[in-house]
Structures are given as structure tokens and as C-alpha cells.
2 protein chains.
Amino acid sequence: MRKVSFADMNCSIAQALEIIGEWWTLLIVRDCFLGIRRFDDFVERLGISRNVLTDRLDKLVAADVIERRPYDEGRLRYDYVLTPKGRALWPVITTLREWGDEWITGEGNEPILIEHRSCGNVTHTRLVCDCCGEPLVARDVRVVDGPGSR
Amino acid sequence: MRKVSFADMNCSIAQALEIIGEWWTLLIVRDCFLGIRRFDDFVERLGISRNVLTDRLDKLVAADVIERRPYDEGRLRYDYVLTPKGRALWPVITTLREWGDEWITGEGNEPILIEHRSCGNVTHTRLVCDCCGEPLVARDVRVVDGPGSR
DNA sequence: CTACGTGGGTTGCATGAAGCAACTCAACGT
DNA sequence: ACGTTGAGTTGCTTCATGCAACCCACGTAG
């Protein structure tokens, strides 16, 4: 862990970053979504050093974001797959990717795109209000105290 | 910068994390959304050390996520406000907060909630397909090469 | 007009994290 | 019996972070 932890901040963003906010961690999760499972494959794709990868995988397992499973009994071979909690990170990864597409790599230079199977279109995402279904933007939102406020 | 940069990876997630993926950085952006503008206020609210805050603010300004503005001519007083690129991070912050609410702090313990002014409800967000308007989840999406693929 | 307070930083030092290469270790395969 | 493979450890060096103290220009109080 770093010298200063976010764990005691009363904020879900800080709590989330405590788990997935370290350098390399979200790229590991990204690769999990792309189907990478094995230690040496992470090392090769990411260019991460092996000791740091060990550290990050252990923390993600401890946080129940991924699961370590033996895939070859007898041999000591393990792989890593997303848990439901890990798969729930898909909107975070997606909004982050689209922000990068729009503001850094630029339209027309997207390294990857997504196709929505149900409708068949290569598409983007939109964040909408769960109540009224209208698009949500920051200036149309008011922050209010929640039940866990202190 | 860290010893290993993500900048040369052909992935918008890596590009995005190069800017906002360092320890403390996204908490600084979060506080910007909450209206914090001044150096000492960031220090006090976050508990961040002053040299690290200087480093992160400089990088965010260089990346055009926030802007450094004099707010008192004559005195050397500056504050920091989000640019359009910075405000575009709202969906990232929001999906991250909702993941933390759901999987870490737990329902009923949310430190803050959001109210949608247009419809008046305390609400959550939902990520939908921009084409068909249906909710998007990972397993209903196929990753395809984009124009910037290599 | 000297002293103190305020805001926004720097500087120096001690400690923790990251990068790198080499090493380990227990099955297999040949 | 020997090398290969996968999944890590270990040791060393260098970079990043935390912390406290300091700086500096302006404004204000005495």
C-alpha cells in the first residue's frame, strides 16, 4: 500500500480508488475483460514487472475483483478471471475509454470500438438518469447527502 | 512521471490513465466537481502533501483538464477550475462512485447521492447504447478494431 | 513603518514503491 | 536425465511520496 490510504475517507470514489486506483491495476482489469487470464500473458501484453503484477493480482483477489483458479490440477498452474464485482467495473472502463477516445486519441483514431450485439450497431455509450431516461450531465445534477453521510 | 509510462500503448484507456490514473489525481478532479478551487483547500480536504499536490495540479493543467486562473490581480493568488475536457470526466467519476456505492460501501450507506434537476428524483445512472437506447452490459458487447487499430 | 497573517507554493530529507534481471521450483515432455 | 514451461521470488537500484520547515509577495493591524 502507499503511505497514505484512501480507505478511511467517507467517499465511495476514494474507496473505489483504494482498490483499482493504483498504477497498472485498471490496465490489468481491462485485459481481464479482453480475456487475458494467465500470469505470463499479462506480463507480455502490459510490460509490467513480475513482482508488481504479483502484488496487483493479490490485491485484486483480496478485494474480490478477480478470482484465482487452478486450471491444471497436478501442475501448479493458475489463472485469473473476473468476479461479478469485477465485471461490474465495465461501465467505469467504458466511460474512461470513451473519454480517452474523445479527448486524447481523437475521433477517427479509436484503437477499438464496441458493437452492440442486440442492435447490431457499432456504437457509443450514453449515461442516462435511471428514473426518467434522459441523458445526465454534471450541471443538471445536484449533489445531496446520502444515508452514509457524516 | 513513473518509470513506466502508458503513453505509447495503443489504447485509449491507457492514454486516459496516463493523465488521471496517478494516485491522488482523480480525487483532485472529484473535489473540482464539488467546487474546490484553492490550493490550501485541496490540501486540507484531501490530506495530500503540498509537493505532490503541486505536481498533480501542474500535470492536470498541462493536460488541459483544469485551468489555473488568477483570482486576485496584484496578489499572486490562483485557483483551479475544470475545463470542458475536465468536465467531460463526469461520467467516469460517476460510474466509479456508483461501483463503490454498490460493491464497497453498500446500499443504504452512500455518502452522497445525486438528484436530477430535470426530473426531480434522487437517482442513479444507467449506461445505454447510443443507437438503440437499451442498457449496455459487457456480455452484450463485442470488441471490434477501430480506425486507429494497429 | 514594522510586524503579522495569508495564500500558494519550494526545499530537504527519510522511507516506500517500481523496474529489472536473475533465480527458484515443481511438474511434464522427450 | 535433461530441458521446458508457468508462476512466481529475491535482491538491488532508482524514482515517488510524505512530512515538516521554509520562502516570498502582498495586505492589513498596531
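What's counted below: heavy atoms across the whole structure, side chains too, no hydrogens, waters or symmetry copies. All chains are named by letter (A, B, ...) in the order of the sequence lines, taking the proteins before the strands, and each is independently numbered beginning at 1. Owing to the predicted nature of the structure, the values given are computational and were not obtained by experimental measurement.
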d([atom1], [X]; [atom2], [N]) in whole Å:
X: B:Leu76; N: D:dA25; atom1: CG; atom2: P; value: 8 Å
X: B:Lys3; N: C:dA18; atom1: NZ; atom2: P; value: 10 Å
X: B:Leu46; N: D:dT17; atom1: CG; atom2: P; value: 14 Å
X: A:Trp23; N: C:dA18; atom1: CH2; atom2: C1'; value: 12 Å
X: B:Leu53; N: D:dT17; atom1: CG; atom2: P; value: 12 Å
X: A:Ile48; N: D:dT9; atom1: CD1; atom2: P; value: 14 Å
X: B:Leu57; N: D:dT17; atom1: CG; atom2: P; value: 13 Å
X: B:Asn51; N: D:dA21; atom1: CG; atom2: P; value: 14 Å

- request: State whether B:Asp101 and B:Arg97 are salt-bridged, where the test is any N-O pair (Lys NZ or Arg NE/NH1/NH2 against Asp/Glu carboxylate O) under 4.0 Å.
  value: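 Yes, B:Asp101 and B:Arg97 are salt-bridged.
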- prompt: Less than 4.0 Å between a side-chain N and a carboxylate O, is that true for A:Arg50 and A:Asp40?
  reply: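 Here A:Asp40 pairs with A:Arg50 in a salt bridge, since their nearest N and O are under 4.0 Å apart.
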At 4.0 Å (heavy atoms only), tell me whether [X] reaches a base, stays on the sugar-phosphate, or touches nothing.
X: A:Phe42; answer: nothing
X: B:Arg68; answer: sugar-phosphate
X: A:Arg77; answer: base
X: B:Tyr78; answer: sugar-phosphate

message: Just checking A:Glu44: does its CD atom have more than 12 heavy atoms from other residues, nucleotides or ligands closer to it than 6.0 angstrom?
response: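 Incorrect, the count does not exceed 12.
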message: By nearest atom, which of the nucleotides D:dG27, D:dA25, D:dG18 is closest to the B:Arg75 side chain?
response: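 Among D:dG27, D:dA25, D:dG18, the one nearest the side chain of B:Arg75 is D:dG27.
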message: By nearest atom, which of the nucleotides C:dG8, D:dG18, D:dG6 is closest to the B:Val52 side chain?
response: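 From the listed options, D:dG18 comes nearest.
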field: Closest-nucleotide 5' rank along DNA chain C - winner of A:Gly74 and A:Trp24
entry: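 The answer here is A:Trp24.
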- request: On DNA chain C, check which nucleotide each of B:Arg38 and B:Thr54 is closest to and give me the residue with the more 5' one.
  value: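 Checking each residue's closest nucleotide, the 5'-ward one belongs to B:Arg38.
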query: Would one find a side-chain N or O of A:Tyr80 under 4.0 angstrom from OP1 or OP2 of D:dG6?
result: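 No, no such contact exists.
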field: Interatomic distance, A:Trp24 atom CH2 to A:Leu57 atom CG [nearest 0.5 angstrom]
entry: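 Taking CH2 in A:Trp24 and CG in A:Leu57, the distance rounds to 12.5 Å.
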field: Residue met sooner reading DNA chain D from 5', once B:Arg50 and B:Arg56 are mapped to nucleotides
entry: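 Its nearest nucleotide lies further toward 5', so the answer is B:Arg56.
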field: Geometric class of the A:Trp23/B:Phe6 ring pair [parallel <30°, tilted 30-60°, perpendicular >60°]
entry: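 Parallel, since the angle between the ring planes stays under 30°.
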